[in-house]
Amino acid sequence: MPQPDRSDRKIRHRLTTRIWHWVNALCLLVLIMSGLTIFNAHPRLYWGEYGANDDYAWAAVGSSQTIGYVRFGETRFDTTGYIGNWEDRNGNIQTWAFPDWATIPSSYSLADGRRWHLFFAWIFSFGLAFFMIRSLWNRHIQRDLHLRRKDWHPSAIWADIRNHARLRFHAGQREGSYNILQRLSYIGVIFVVLPLMIFTGLAMSPAMDANWPWLTDIFGGRQSARSIHFIGMALLILFFLVHMITLLLAGPWRLTRSMITGRDSKEAMND
């Protein structure tokens, strides 16, 4: 059998990028699910330093034996059967905010949820720091994520949005490069949302609050840091959903293979 010609293959994702991608995916999954366990202990969000049941919460999950709902400000959405009031695998009605299939551990345990969350938070934080340093060293950021002045022009961004709507994800782009919306979203997630999640997480820690009170002050209090942390989680979930939809539309097998092997053929990249 003839051997494939490797001359038609090129590096699409470097090893550090691929390792970080999959480790990050695992960490974020565990962090989100364990974070929901922690949130179940007090499913209300506040602004400021303090928050208790009698204080006004800008967002909350309400639950009882008959109904479940999610409230943002004065707007309330009925979520009975899904959030706040749901049926477990044994047919019993539970009134935790988020159901057991969405949390780690599946049975409510605040202590275990915190252990899972903190363990994977350290892996995630060191991985992000290493990825940033390595990406600067191998020029991944400068080469693949750099936005030129013309990319910031509204007409260029609008053209990229129209190309996405037509499922032409790489129209006008050089082979193997990220389009404008990809670069904007990756820059926003890697350099804004993910560091924000780390620092708001530290701001909620009593030990860090005692040693670095200025960190909590930056976010306007521990409850504000908790709210920003939860908003960041929602943005990461939104990013994941958009990422998966785009992956399915652009060719899941080819793109997943390239994120595993790091290589892609010219024929596949020109599809």
Exercise: identify the closest heavy-atom pair between M233 and I32
CG-CG1, 3.9 Å
Verdict with reasoning, N92 to Q94, per side-chain contact (heavy atoms from CB on, under 4.5 Å)
CA-CA 6 Å; N92 300 316; Q94 302 291 346; 4.1 Å; yes
Say you draw a straight line from CH2 of W86 to OG1 of T79; how long is it, rounded to the nearest 0.5 Å?
12.5 Å
Just say parallel, tilted or perpendicular for the rings of F239 and Y186, cut-offs at 30° and 60°.
perpendicular
How far does CG of L236 sit from CG of L31, to the nearest 0.5 angstrom?
9.5 Å
Given the rule in the side-chain contact (heavy atoms from CB on, under 4.5 Å) test, do Q223 and E49 qualify, once you have shown the distances and angles that lead to the verdict?
CA-CA 5 Å; Q223 292 301 323; E49 182 64 38; over 6 Å; no
Sequence neighbours left out, what pairs pass salt bridge (charged side-chain N to carboxylate O under 4.0 Å, His left out) with at least one residue falling in residues 94-104?
R89-D100
Would the number of heavy atoms belonging to other residues, nucleotides or ligands and lying under 6.0 Å from CZ of F199 be above 12?
no
side-chain contact (heavy atoms from CB on, under 4.5 Å) between L26 and V30: does it pass, once the steps are laid out?
CA-CA 6 Å; L26 174 63; V30 175; 4.2 Å; yes
Could you label the plane-to-plane angle of the W20 and F131 rings as parallel, tilted or perpendicular, counting under 30° as parallel and over 60° as perpendicular?
parallel
Does L110 reach the side chain of I38, with side-chain heavy atoms less than 4.5 Å apart?
yes
Rounded to the nearest 0.5 Å, how far does CZ of R71 lie from CZ of R76?
9.0 Å
Walk me through it: do Y56 and Y46 pass the test ring-ring contact (aromatic ring centres under 6.0 Å, His included)?
CA-CA 7 Å; Y56 177 77; Y46 312 88; 8.6 Å; no
For V61, which of T95, N85, I83 qualifies under side chain to side chain contact (heavy atoms under 4.5 Å, CB included)?
I83
CG-OG distance between D88 and S107, expressed to the nearest 0.5 angstrom:
11.5 Å
Once you round to the nearest 0.5 Å, how far does OG1 of T80 lie from CD1 of I93?
9.5 Å
Not counting sequence neighbours, list each pair that qualifies as a salt bridge (charged side-chain N to carboxylate O under 4.0 Å, His left out) and has a residue in residues 204-225.
none
Can you find a heavy atom in the side chain of F124 that is under 4.5 Å from one in the side chain of V23?
no
Between V189 and F240, does a side-chain contact (heavy atoms from CB on, under 4.5 Å) hold up when you go through it step by step?
CA-CA 11 Å; V189 168; F240 169 77; over 6 Å; no
Is atom OH of Y50 surrounded by more than 12 heavy atoms (other residues, nucleotides or ligands) closer than 6.0 Å?
no
Is R226 reaching over with its side chain to a backbone N or O of R44, donor-acceptor style, under 3.5 angstrom?
yes
Going hydrophobic residue to hydrophobic residue with side-chain gaps under 4.5 angstrom, can you get from I237 over to V192?
no
Does I133 belong to the same Ile/Leu/Val/Met/Phe/Trp/Tyr cluster as F191, with side-chain heavy atoms less than 4.5 Å apart forming each link?
no
Aromatic contact between F77 and Y69, with the criterion being ring centroids under 6.0 Å apart: yes or no?
no
Treating Ile, Leu, Val, Met, Phe, Trp and Tyr as nodes and any side-chain heavy-atom pair under 4.5 angstrom as an edge, say whether M204 and W47 lie in one connected cluster.
no
Other residues, nucleotides and ligands only: do more than 12 of their heavy atoms fall within 6.0 Å of CG on D54?
no
Can you tell me if S34 uses its side chain to pair, donor with acceptor, with the backbone of W116 under 3.5 Å?
no
Transitive ILVMFWY side-chain link V242 to L184, under 4.5 Å
no
Do we see a donor-acceptor contact under 3.5 Å between the side chains of W58 and S227?
yes
Pairs in or reaching into residues 107-131: which pass salt bridge (charged side-chain N to carboxylate O under 4.0 Å, His left out), with residues at least two apart or in two chains?
D112-R115
Aromatic plane relationship, H229 with H117 - under 30° parallel, 30 to 60° tilted, over 60° perpendicular
perpendicular
P105 side chain near M33 side chain, heavy-atom distance below 4.5 Å:
no
Under the side chain to side chain donor-acceptor pair (under 3.5 Å) rule, what do W96 and S63 come out as? Steps first, then yes or no, please.
CA-CA 7 Å; W96 308 334; S63 60; over 6 Å; no
Please determine whether the number of non-hydrogen atoms from other residues, nucleotides or ligands lying under 6.0 Å from atom CZ of F119 exceeds 12.
no
Tell me whether T216 contacts the main-chain N or O of A203 through its side chain, where contact means a donor paired with an acceptor under 3.5 Å.
yes
How far does CG of N24 sit from CD1 of I190, to the nearest 0.5 angstrom?
8.5 Å
Starting from L241, can I reach L28 by hopping between I/L/V/M/F/W/Y residues whose side chains sit under 4.5 Å apart?
yes
